[in-house]
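Inspection log for the structure reproduced underneath, given as structure tokens.
Treat the numbers as computed from the prediction; the structure is a model and nothing was measured. Because only heavy atoms are used, hydrogens play no part in the values below, and waters and symmetry mates are left out as well, while side chains stay in. As the structure lists them, so they are numbered: ligands from 1, and atoms in each ligand from 1.
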Amino acid sequence: MGSRVLLVGAGAREHAIAWKLRQSPKVDEIFVAPGNAGTAAVATNVPVTPKDIDALVRAAADLRIDFYLATMDDPQPLGLVDRLQAAGILCYGPSAKAAQLESSKAWAKAFMVRHGIPAADSRTFSDYRAACSYVESRPDGPLVVKASGLAAGKGAMVCNDSREVLEALDIAMVRKDFGVAGETVVIEERLTGWEASAHAFCDGKTAVMMPYATDYKRAGDGDIGLNTGGMGSYSPSAGVDAELARAVYDAVVAPTIVGMAEEGIPFNGTLFPGLMITPGGLRVLEYNARFGDPETQSLMVRLESDLFSICEAAAQQRLADVPVVWSDDASVSVVLASGGYPATYKLGYVIEGLDAVDDNVHVFHAGTKEDPGGVLSNGGRVLTVTATGKTIAEARLRAYDNARRIRFVDMFYRKDIAAGIDE
Ligand code: AMP
Ligand code: GLY
């Protein structure tokens with residue numbers, strides 16, 4: 001008998017993972033809590049929200065789940081993996097303690113110092129006055145202020161001078177715009193360079209790197225406008241050669257896995273460090289303890305091996321025994337978003353053209369819901385259109401050609417995802 005797998009989330013990342021799991025002969029049924037109109041086509045949606053751990057644990061028992069595959073950030077720091085494991089369910093994903101790598105930047109910073117992992121120099125403060133005195137005691141200049149806790153990707157404030165730093169401290173610690181996540185802040189040196197994000201499957205003692213995928217964070221073409229969850233991605237990433245990939249493994253990923261194991265909190269699940277390549281070398285900007293979105297959409301279409309077998313082996317600490325093979329094809333993902341995202345936007349528009357998309361192109365759903373009138377928009381990021389090709393340019397052409405066939409009121413997307421990479 002095959003496995004009954006639970007995913008938690010409602011993004012195009014979860015749809016892409018459910019789509020990939022569907023291909024596994026070892027998977028019987030997939031459940032997604034809460035899911036969307038796209039996951040409903042490849043899995044069974046479960047009406048439970050990601051932070052409702054009690055309800056997730058109950059649903060896992062009721063649905064006779066035997067495998068949980070962590071994709072998004074919210075449930076792990078709240079102990080979902082610990083609770084499911086205690087109930088005898090095999091899990092690919094970090095315990096609450098191991099998830100601190102992402103859920104507490106203060107903890108992650110101290111961990112990196114303990115293990116000699118390169119990061120920006122930083123100080124951590126839980127006292128607003130002490131944080132202000134520190135800033136005032138320094139020469140005026142650029143710094144970055146980060147809410148220590150999970151802040152939906154919005155907790156990092158890049159500041160040009162002390163006035164902006166003090167304003168950022170006020171936002172996090174006095175106005176409490178990030179809630180409890182901002183009660184402790186990390187103030188760090190502002191680095192310059194270019195960014196790359198790495199993903200690795202981890203089983204507590206072994207890490208297997210995935211290919212690199214590059215994300216486009218800003219809402220507008222040319223990287224202008226507000227920060228978003230990610231407006232598109234492509235893989236493999238330009239600029240990441242074998243030498244840099246080796247350095248990321250040696251200086252960041254391997255010491256992280258070894259360090260966590262040494263501290264008695266082995267890291268199981270997907271490790272996704274955000275990196276800055278500076279003139280002085282590699283630095284970790286942050287750890288994520290999950291899959292990236294929309295990086296995952298561009299990665300899953302390149303994975304040739306069975307995703308379930310990889311995650312199952314990782315959950316059983318035998319990741320080194322399974323093949324992890326990737327296609328040489330390139331991939332490009334374009335996010336179709338609701339007008340106004342990431343600020344305010346309207347929901348409930350009928351999405352047209354979903355059936356006009358080529359068979360070899362994927363439309364992964366995020367904010368969508370099924371309705372008697374059709375599939376409706378139901379979030380800021382609505383769909384990810386993902387295409388593959390022999391080159392980035394070919395995948396890009398195919399992704400945009402298909403994205404143009406989809407329409408809903410006020411739909412927008414960036415026109416420059418993967419532009420100029422290999423053209
Ligand atoms: P984080 O949430 O820590 O990954 O930060 C979000 C974004 O802020 C990063 O992708 C960078 O663009 C920027 N950032 C974070 N830390 C720094 C830093 N120390 N120096 C310069 N930019 C940073
Ligand atoms: N795309 C960036 C993230 O998932 O955090």
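- Residue Glu188 forms a salt bridge (charged side-chain N to carboxylate O under 4.0 Å, His left out) with just one option from Lys105, Lys109, Arg123, and that option is Lys109.
- For atom 14 (N) of ligand 1, the closest non-hydrogen atom of the protein is Val158 CG2, 4.1 Å.
- Counting the atoms of ligand 1 from 1 in the order shown, those under 4.0 Å from a heavy atom of Met276 are 21 (C), 22 (N).
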* Would Leu275 and Val284 count as a side chain to side chain contact (heavy atoms under 4.5 Å, CB included) if you check the C-alpha gap in whole Å, the side-chain angles of each, and the deciding distance to 0.1 Å? -> CA-CA 5 Å; Leu275 308 161; Val284 176; 4.1 Å; yes
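- With ligand atoms numbered from 1 in the order given, ligand 1 contributes 3 (O), 15 (C), 16 (N) to contacts under 4.0 Å with heavy atoms of Lys146.
- Both the backbone and the side chain of Leu285 come within contact range of ligand 1, each with a heavy atom under 4.0 Å.
- For atom 2 (O) of ligand 1, the nearest non-hydrogen atom of the protein is Glu286 OE1, 3.3 Å.
- Judged as a ring-ring contact (aromatic ring centres under 6.0 Å, His included), and not counting sequence neighbours, the contacts of His199 are Phe272.
- Nearest to atom 21 (C) of ligand 1 among the protein's heavy atoms is Leu191 O, 3.3 Å.
- The closest protein non-hydrogen atom to atom 18 (C) of ligand 1 is Val144 CG2, 3.5 Å.
- Compare Ala156, Gly193, Ser122, Cys159 by their heavy atoms: the one nearest to atom 7 (C) of ligand 1 is in Ala156.
- Closer than 4.0 angstrom to ligand 2 lie heavy atoms from Asp215, Lys217, Gly229, Phe272, Arg290, Gly292, Asp293, Pro294, Glu295.
- At least one heavy atom of Lys105 sits less than 4.0 Å from an atom of ligand 1.
- Inter-residue side-chain proximity for Asn378 and Asn36 is flagged as unmet; no heavy-atom pair is nearer than 4.5 Å.
- Looking at heavy atoms from C-beta onward, Tyr234 lies out of side-chain contact with Thr386 at the 4.5 angstrom threshold.
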* Going through the checks in order, is the side chain to side chain contact (heavy atoms under 4.5 Å, CB included) test met by Leu282 and Leu244? -> CA-CA 9 Å; Leu282 193 59; Leu244 178 58; 4.1 Å; yes
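- For Arg114 and Trp107, the positive end sits near the middle of the six-membered ring, less than 6.0 Å away and at most 45° from its axis.
- The closest approach between Glu189 and ligand 1 falls below 4.0 Å for a heavy atom of the residue.
- A heavy-atom distance below 4.5 Å is not found between the side chains of Gln76 and Ser103.
- Ring planes of His365 and His15: perpendicular class, angle over 60° (limits at 30 and 60°).
- Of all atoms in ligand 1, listed by their number and element, those nearer than 4.0 Å to a heavy atom of Glu188 are 16 (N), 17 (C), 18 (C), 19 (N).
- The minimum heavy-atom distance between Arg302 and Ser235, with the atom names listed, is NH1-OG, 2.8 Å.
- Remark: of the listed residues Arg414, Arg218, Lys217, Arg414 is the sole one forming a side-chain hydrogen bond (donor to acceptor under 3.5 Å, both in side chains) with Asp223.
- Contact annotation: the side chain of Ser305 never approaches that of Trp326 to less than 4.5 Å [non-hydrogen atoms, C-beta and beyond].
- Only the side chain of Glu195 comes within 4.0 Å of ligand 1, judged by heavy-atom distances.
- Near Arg190, with a cut-off below 4.0 Å to any heavy atom, the atoms of ligand 1 are 20 (N), 21 (C).
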